[in-house]
Amino acid sequence: MSFLLSILAAAVINVIPAPAEVKPGDGEFQLRFFTCIKAESPEAAEVARTVAPKLRKASGRILPVRRHRGRIELRLDPACGIPDEGYRLSVTTDGVCALASGRAGLFYALQTLLQMTDGKRIPCADISDAPRFAWRGFHIDPVRHFLSPDAIRKQIDILSEYKINTMHWHLTDDQGWRIEIKKHPRLTEVGAWRTEFDGSVHGGFYTQEEVRSLVDYAARRCVTIVPEIEMPGHAFAAVCSYPELSCRGEQFRTLYTWGSPHDVFCVGSEKVYEFLDDVISEVAGLFPGEYIHIGGDECHKDVWEQCPICQERIRELGLEADAEFTAGEKLQSYAVHRMEEILARHGKKLIGWDEILQGGLSPGAAVMSWRGEEGGKKAALSGHYVVMTPGSGGMYFDHYQGDPKIEPVTIGGRSTLEKVYSYDPVPDVLRENGKDGFVKGVQCNNWAEYMYSESQREYMLFPRAFALAEIAWTRPERKDFDSFLTRCDLACKRLDALGVNYHIPLPEQPDGSCNSLAFSDSCTVELGTTRPLRIVFTTDGSEPSADSPEYSEPLTFTDDAVLKAASVLPWGRLSPVRTIRLRKMSPMPAMRPEDVFGLRARRTEGRFISAGDIPAGAVWTPVELSALGEAGKLEPYDNKLPDSTRFYAAEAEGCFRVPETGTFRFSSDCDRVWIDGQLLIDNGGAVKRSSHNDAELVLEAGAHNYKVLFIYNVIGGWISLRSRCDVLFRQPGSESWTSVAGDSARLID
Ligand code: ACM
Ligand code: ZN
């Protein structure tokens, strides 16, 4: 069959990931009332029993599993020559036969079958399939926000349908310790909990019983769980539980903000290795897989420099800085080598983030390349296994999938569905050097700082996980984005049936999405989506439906209007509706030169979430500032000692100049912004990680005044001090933003 025909066939059977080889046949196999599944071996029967409930649900048939008869036959033959995890699936009008050399292959044959059926019918075809990579991973971060075992089961169950086979479970970090360790109970009595800024308590952990049950649930779905126990950095929850494990031995509280404190494990101390050995001895017994992930990323090394124990260890080992590595990096490398020995004693291999390359890689270690591909290339070229997870390749699913101005807040970055799909985990240099075999696979990372709910996690995971599944399983020559998009739509429809949330591209404005537009004569709104979808809209205030007028060209408005727009999936499901308000207005007059004033500010003390929390009788005291930004930095922040922080609110006002009369768009991470006395932006209570409420005004050329309300607080783990206390503006169509702060001084001169 020609390549094109086989792509078409793969599309017709609509399976993700696209199988290696598909020969379509004539006709279909009908699932009848009396159709049985034949599984002779106990292993095949176990696979049948795991998957049959889904086939039953799809078909309404009972599909009993029998040892000696059945039209759907599952054959396990270790000598059949089909590669590991691969299968052959033959569907004729008479029956179905799935053949594999191992359990996983049979499981995947049934997943393919499940996606092929429309209920009672399965199209005839001969399929030969096997994966490109052995590690097809997804990562779960229950530390930043806890996730129940049931929610994890749901992810495993769905992702295994798409032949994802590895779950990287990030169990320990600065904001929480999430696995029961019987010998060190304070890890979960203390380290599993944190008190948030608003006084609520967040946390949770998995008991060993729950871990065993999850590992078993995953194994039935051919998913290996790789636990991550972080060292030597990202260990704050551990050192809060047992302060003697850090260099300074101080008692801190589990972190409720994002970022990483400098107090890490005191890797000069034997106590730390004894502790890690205790932890690993329990963890190794719970997870049957060959690898344990030891983290290793983003470890601050400055506290080691002041620590007599760490310095003594550096002297004893003769670790000296050289052109390549600092003494601290070599000490980290020593700690990772010690960890590798501990793992080996408990029968496990080490995998870690690419920082474990610093100071020299342990001989048997595998590397997870996250800071681009460089670490992965270096490790594979020197004969180490690697798993590619670069943010630059779209593998960070905590990044935005659409315009940050209208998507729910994330940590930043961009990873569209197309970017994920176009990633190839094997860099050219490895192929050229015959080292491509060291790329064990590929994985998406789902850091959960900004994933506040299970539904939000699903939104970030789907449909990008479908693209991941295809790049992890399907050979590049079989990939085809257009065909994938068709199959992706069908997979999303299946998610609807399962009650799973997913991202639907919103109508976006190419010049930056903005829901509050202003103009003096007319305004043209252009809309597009990150992948081809129909857009529908209304201008009469009603909610759009799939039958509303279809957007086909930019819309021009000459009067006040409310534009409501949504994208539509092929079966009529709508994205969330965007409401864009357009205001026709005369230019706001410029200030008279004699009214222009310099920067002035005042503050009031207290813990406020938003403007409404500041009491009417609050005492405000004037503050002298030389720049607007200082209003957002009046008090320091020590993320180890949140209780010592003096939170406050500040108001600052001043003047700025616009060069010509016209429309200006404003953007700010402050709580509120007024322009010429008008409240224009209200970010009340929002996570100030990035501005979401841009708004426009028409201004006359000359000076205007601004006022901001900045609140020093922590919302959703984000310390507002890290936001810029500023107001930026630009004319629509202009690439660059200008700060209102820049002009204040000059205007007064
Ligand atoms: C990482 O994202 N810090 C591995
Ligand atoms: Zn130390």
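Numbers for residues simply follow the sequence, beginning at 1. Note that ligands are numbered from 1 as they come in the structure, with each ligand's atoms numbered from 1 the same way. Note that the structure is predicted; figures quoted are calculated from it, not measured.
Aromatic ring centroids of His184 and Tyr242 lie under 6.0 Å apart. Between Trp353 and His170, the distance from one ring center to the other does not fall under 6.0 angstrom.
Expressed to the nearest 0.5 Å, how far CD of Glu196 lies from OH of Tyr256 amounts to 8.5 Å.
Atom 2 (O) of ligand 1 has Tyr396 OH, 2.6 Å as its closest protein atom, hydrogens excluded (heavy atom only). Closest to atom 3 (N) of ligand 1, if we only count protein heavy atoms, is Asp297 OD2, 2.6 Å.
Applying the salt bridge (charged side-chain N to carboxylate O under 4.0 Å, His left out) test to Asp322 and every residue at least two apart in sequence or in another chain returns Lys330.
Close contacts between ligand 1 and Trp353 involve ligand atoms 4 (C) [criterion: under 4.0 Å to a heavy atom].
Contact between Leu214 and Ile225 at its shortest, heavy atoms only, is O-CD1, 3.8 Å. Gly289 and Lys348 make their closest contact through O-NZ, 2.5 Å (heavy atoms, listed as atom of the first residue, atom of the second, distance).
Applying the side-chain hydrogen bond (donor to acceptor under 3.5 Å, both in side chains) rule to pairs touching residues 452-462 yields Lys154-Glu458, Glu407-Tyr459, Ser455-Asn501, sequence neighbours excluded.
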Output a table of donor-acceptor pairs, distance under 3.5 Å, between side-chain atoms of residues 385-398 and any protein atom two or more places apart or on a different chain; print 'none' if there are none.
from: Thr389; atom 1: OG1; to: Ser369; atom 2: O; distance (Å): 3.0
from: Thr389; atom 1: OG1; to: Asn445; atom 2: ND2; distance (Å): 3.3
from: Tyr396; atom 1: OH; to: Asn445; atom 2: ND2; distance (Å): 3.4

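The Zn ion (ligand 2) has Cys247 SG, Cys266 SG, Cys307 SG, Cys310 SG as its protein N, O or S neighbours under 2.8 Å.
If you look at Glu298 next to ligand 1, the close heavy atoms, those under 4.0 Å, all belong to the side chain.
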